[in-house]
Structure formats: C-alpha cells, structure tokens
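Scope of the values below: all heavy atoms of this structure, side chains included, with no hydrogens, waters or symmetry mates. Quick note on labels: first sequence line is chain A, next is B, and so on, each numbered from 1. In this text, all values refer to a predicted model and were calculated from it rather than measured experimentally.
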Amino acid sequence: MHDIHLIRAKPDLFDAGWARRGLPPIAKMLLALDDHRRAAITRVGELQATRNRLSAEVGQLKRNGGDAEPLMAQVAALKEELAEREQDSKQADEALVKALEVLPTLPAAEVPDGEDEEANLEIRKWGSPRSFDFTPQLHEVLAPKLGGMDFETAAKVAGSRFTYLKGGVARLHRALAQFMLDLHSGEFGYTEVDVPLLVRDQALYGTGQLPKFSEDMFRTTDDRWLIPTAEVSLTAMVMDSIMDQRELPMRLTAGSYCFRSEIGAAGRDTTGFIRQHQFFKVELVSITKPEDSEAEHERMTTCAEEVLKRLELPYRVMLLCAGDMGFSARKTYDLEVWLPGQNRYREISSCSNCGDFQARRMRARYRRGDTSTTKSSWRIGESLLDLSSDSPEPVHTLNGSGVAVGRALIAVLENYQQADGSVAIPTVLQPYMGGLKAITLA
RNA sequence: GGAGACGUGGCCGAGCGGCUGAAGGCGACGGUUUGCUAAACCGUUAUACGGGUUAUACCGUAUCGAGGGUUCGAAUCCCUCCGUCUCCUCCA
C-alpha cells in the first residue's frame, strides 16, 4: 500500500513507476480522491469541535445549576449535518483506500524495463550442465519407473496437479527439505518456524495477495485460506506490531506445504511434478530496517543459491524486469535450475525485496530509538533536522524460496539420473537418506 | 458441541456518563548526583488524520477489540460482530 503523502509529493514519480508495470497514469485521479477526502475530514473536524465545545459548556452549566436547555438544542441541531458529513468522509476514505490497495509497488531503479520474462536479465551463472552419454529423461518418465511418482492414482483420488510420491523418491523429497532447513537455521542464522497453513484475510491482505488475487488461492468453508506460500504466515507474524530496532534483522525460515489454484496457468505444465496444487517449499523471510534491505536481499539470494551449490545443481540468477515482478516486490531475483529432461533452466526460487509495501499494509513498524548519548550530544548544537525522530516507521520485508522442494526434487532426479534408470543421491543428502547412495529400480 | 470469563498505551494494570489521551507501575529516553558501574532523585515518553510552518512550534479531530445505537456529552450504558482465555465434551 502506497503512502498517499508521497504520491501527493511526487505524483509523476509514481506514474512513471506504474507505467513500467504497464499501468496507465493514475496519480491525478488518486489526488482528486485525496482532495475530496481531506475536505470532508476537515469539515467533520470542525463540526465535532463545535459539538465538543458546546457539550462541555452544557456540563459546566449543569454543574453550576444553570439552564442548559438552549445549548442542548443547539448541539442536537448540529447532529444531522454531522452525520451526513461523517458519511461523506467515510465514503471518501474508502474510495481512496479501494483505489490504492490494488496498486502494485514501484520497481526499484535498477530493475530493467520490460513486459515479461523475455526482458529478464541474467546476473550470473553457476555450474555447467552435465553432459550425458545417453538421452536424459524427464522426471515424469523416470520417477514412475522407479516406483517413486504416481500421477494416475493421484488424479483418481484428488484430481489433476496432484502426485503421490513413494519409496526412495518420497524420502528424497523429505531429505531435501530437511537439508535446506538445517542449512538456513544452522549456518545462515534463520530461526526455524512451523507455520499455520490456514490464515485469515488480514494476513493475505498484508502480504498483498488480497484483495486482488483471491482466485489464485483455495478458500476454506470457515472463511480462511490455504496459504499459497509460507511467506504469508511468516511475514504476517509482525503484523500490527512495533519492533525495537535491536530485534532487526529478523530472519525466519519455514518448511511448509503451499496451495495454489493455478487457475491462471491452465494448460501450462500439465504433466509432471512441476506445477502442482500442493507443493512443499522452504521459505526465507527477513524483516529489516529500511537501510538494510538491499544488502539483506543479496544475502538472502546467496543463501538460496548455497542450497543449489551444495546439491551441485547448475543454475543461473535472473533479475526480473518490471513487468515480470509480483505485486508486492520492488526487486526480484529468480533462481533457475538446470533441468536436463526439459533441456532448459526452470524457476526454483524467487527472492524479493518488498521494501515497506507489505509493512504498510500490515502496520509492521519499528522504533529506531537511536538517540544514544554520544550521538545526541554531538548534535545538540547543530540543526536538529538530522536527529532521527523516535516515531515508529515501517520496516522492510523480504521473502525468498530457499528453495522450492518439489522442484528441487525434480532437479535432483533429472540431473543425477544414470543410464540404467537409477538416480544417484547428492553427497550432501546421503546422511538424510540413511547413507543410501542411489535410488534404484525395484 | 455445552457453560462461563475477558478484550484499555511499548508492556502490566486502574478507571465514578462530563474535570480521562486516559491513575499507578514497568520499560525506554534525557538530566542531576557520582572516580567507573550500580543505586537514588528530577523530568520526558501513544498513534493516525486534518490544518498550519521553509522546517519546528502550535491548533483541531479521532482512537480504550470492531461496527452500530442511546445521550447535549460514552473507555464507562445497550445491541451486533470479531478475537482471546478457562472448564466440560471430543480429538491427531
């Protein structure tokens, strides 16, 4: 959610940013709504001030035994107009919020222009695709042969875009998640969290999925939602709170199932394990001070990359263009892993800096409280302008997959497949597989 | 599912329809004292919006879970909703 004060100050900047996301100029309309709103607020304030003043006089008179009747009549007369004006004010405010809440955040300056993934920039590449002396198979072909994936039964039981994982493949899936969580919590300072998979509207509003993207999610009969990503549950932990700067950065990780309706993806990736209604993902979330979020974004991305490095999976890092980014993101790196079966890179992680966009929506703030003795005494004779005020300001939020476990499973299966149809286990996962070195045909 | 209790500031916790943006405490911050630390003492310490200012100051309004209502006037009375907790029941 954007700050109307900023839009008021720099309307052109906002229109320019939205234009990069393919939106028409809208600042002028927003400012008109804002003018209307402010006029209404002012009028209500005036009427209320009058009412309060007169009512106080009534109290005074009554205590002194005077005749308050005429004043009381006067206040009563005010009430009708006040009620009308309050209605105006409320409607004007709602109109502005309704216009603002569906507007995406502005792309960061260094984000390239472009409408879709064609314009994304490759930032770096790690590893090189292995050369096969046989034709590498798609995971959806090789895994069923290992007895590890069953699409037909899942379709019968649950419908399309569901899969049974079995035996060594199911264990490999679990091992991957375990390994990732251990890495992030053990080496990178993330606190492991087990999160709610069902959440309320307000959590999804805060992260930006609502009100605009309700179609992409599953709703429960008791009006909750299945989370489309643990980003929601993790980020919303700081909703409606004021943190002390010493609590920042806050680094959280969670392994969770994610649920997506994939309504907008009809016809895409209809076979295999790539695009499921339900998939497992290890998520990273950081809550930082504004000045730290850019560095944290880089750090988070390298944390996700480290997963792929240790699994020895070739990947590349893409900087998404303005048109390809999500609603709440001001800058996003995608990690794309090499899939030999498809003979191309596919997204396996997405790391985004959301700036203060989500924080504003969920009122997640922190208090700088940075008036240390040295600092303030140094500045006492100077302009007070530089003294940071102690009023709460929005934090910055970041989220990234570290990484998508379902897709990591596919990547391991395809990259580690052998000529005989078996799949080797990456060294780093072997401890999680009871020392097993390969998944072989039954 | 049955019965009941409760939602007040960063936190804890008072609160009689007007003198309550809200006692008191904790915490935090500033200062005094002090060889340092600690302690003690004094003071400051909500948020949002609107107006105003170069910027401060300052002024106004709202906010005691949310939304309605009663009233000249509501944290306080009434209604609805939401949430939390306890006991019983049930259950992984």
Side-chain angles (χ1 to χ4, degrees), chain A residues 1-9 30-31 33-97 100 194 196-203 205 222-224 236 238-248 356 359-395:
Chain A
M1 179 85 89
H2 293 287
D3 184 350
I4 188 65
H5 299 100
L6 294 179
I7 299 175
R8 215 184 287 157
L30 294 173
L31 292 185
L33 286 173
D34 183 45
D35 283 343
H36 183 55
R37 167 181 149 274
R38 284 194 288 164
I41 287 173
T42 301
R43 185 69 187 128
V44 168
E46 287 166 358
L47 289 169
Q48 285 172 328
T50 306
R51 181 202 58 193
N52 292 347
R53 188 166 41 76
L54 295 180
S55 288
E57 285 177 32
V58 169
Q60 197 77 14
L61 276 175
K62 287 200 165 182
R63 239 168 297 131
N64 299 335
D67 177 17
E69 282 302 324
L71 267 184
M72 285 167 66
Q74 203 178 329
V75 179
L78 272 180
K79 287 179 71 180
E80 197 174 323
E81 187 182 359
L82 183 57
E84 276 175 36
R85 295 298 148 208
E86 279 177 338
Q87 196 62 21
D88 281 353
S89 171
K90 194 176 163 191
Q91 282 171 359
D93 195 60
E94 281 169 358
L96 181 62
V97 168
L100 282 173
D194 191 83
L197 303 182
L198 296 176
V199 298
R200 295 184 212 285
D201 290 1
Q202 59 203 63
Y205 183 87
D222 68 346
D223 292 336
R224 281 179 244 263
V238 297
M239 177 166 64
D240 280 314
S241 69
I242 300 177
M243 284 155 278
D244 187 286
Q245 67 158 351
R246 282 169 296 203
E247 299 173 66
L248 306 176
D356 64 7
R360 304 193 94 88
R361 291 175 83 96
M362 61 173 72
R363 296 165 305 280
R365 297 171 296 173
Y366 81 107
R367 218 181 276 279
R368 205 167 273 281
D370 201 15
T371 45
S372 62
T373 318
T374 13
K375 206 171 174 184
S376 49
S377 56
W378 267 103
R379 293 190 176 173
I380 220 86
E382 306 174 18
S383 159
L384 293 176
L385 278 180
D386 289 339
L387 265 180
S388 37
S389 82
D390 196 32
S391 60
E393 49 182 306
V395 293

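A:Met1 and A:Tyr205 make their closest contact through CE-OH, 3.1 Å (heavy atoms, listed as atom of the first residue, atom of the second, distance).
Looking at heavy-atom distances under 4.0 Å, A:Arg53 makes no contact with the nucleic acid at all. As judged by a 4.0 angstrom heavy-atom cut-off over every strand, A:Ile41 is placed among residues touching the sugar-phosphate backbone only. No engagement by A:Arg360 is indicated, since no non-hydrogen atom pair under 4.0 Å with the nucleic acid exists.
Close to B:C82, at under 4.0 Å from its OP1 or OP2, lies no side-chain N or O of A:Arg200. Contact annotation: A:Lys90 side-chain N/O to B:G68 OP1/OP2 distance is under 4.0 Å. For B:G50, neither phosphate oxygen OP1 nor OP2 lies less than 4.0 angstrom from any side-chain nitrogen or oxygen of A:Arg85. Here A:Arg38 reaches the OP1 or OP2 of B:G51: one of its side-chain N or O atoms lies under 4.0 Å away. Residue A:Asn52 places at least one side-chain N or O under 4.0 Å from the OP1 or OP2 atom of B:U61. One finds a side-chain N or O of A:Arg8 lying less than 4.0 angstrom from the OP1 or OP2 phosphate oxygen of B:G50. Distances shown here put every side-chain N or O of A:His36 at or beyond 4.0 Å from the OP1 or OP2 atom of B:G50.
Regarding A:Asp240, its CG atom lies at a distance of 15 Å from the C1' atom of B:A46, rounded to whole Å. In this entry the distance linking CD of A:Glu46 with P of B:G51 reads 11 Å, nearest Å. Atom CD1 of A:Ile7 is separated from atom P of B:C49 by 13 Å (rounded to the nearest Å). A:Glu69 has its CD atom 13 Å from the C1' atom of B:U71, to the nearest Å. Taking atom CE on A:Met1 and atom P on B:C49, their separation rounds to 12 Å, with Å as the unit.
In the set B:A62, B:C49, B:G18, the nucleotide with an atom closest to the side chain of A:Ser55 is B:G18.
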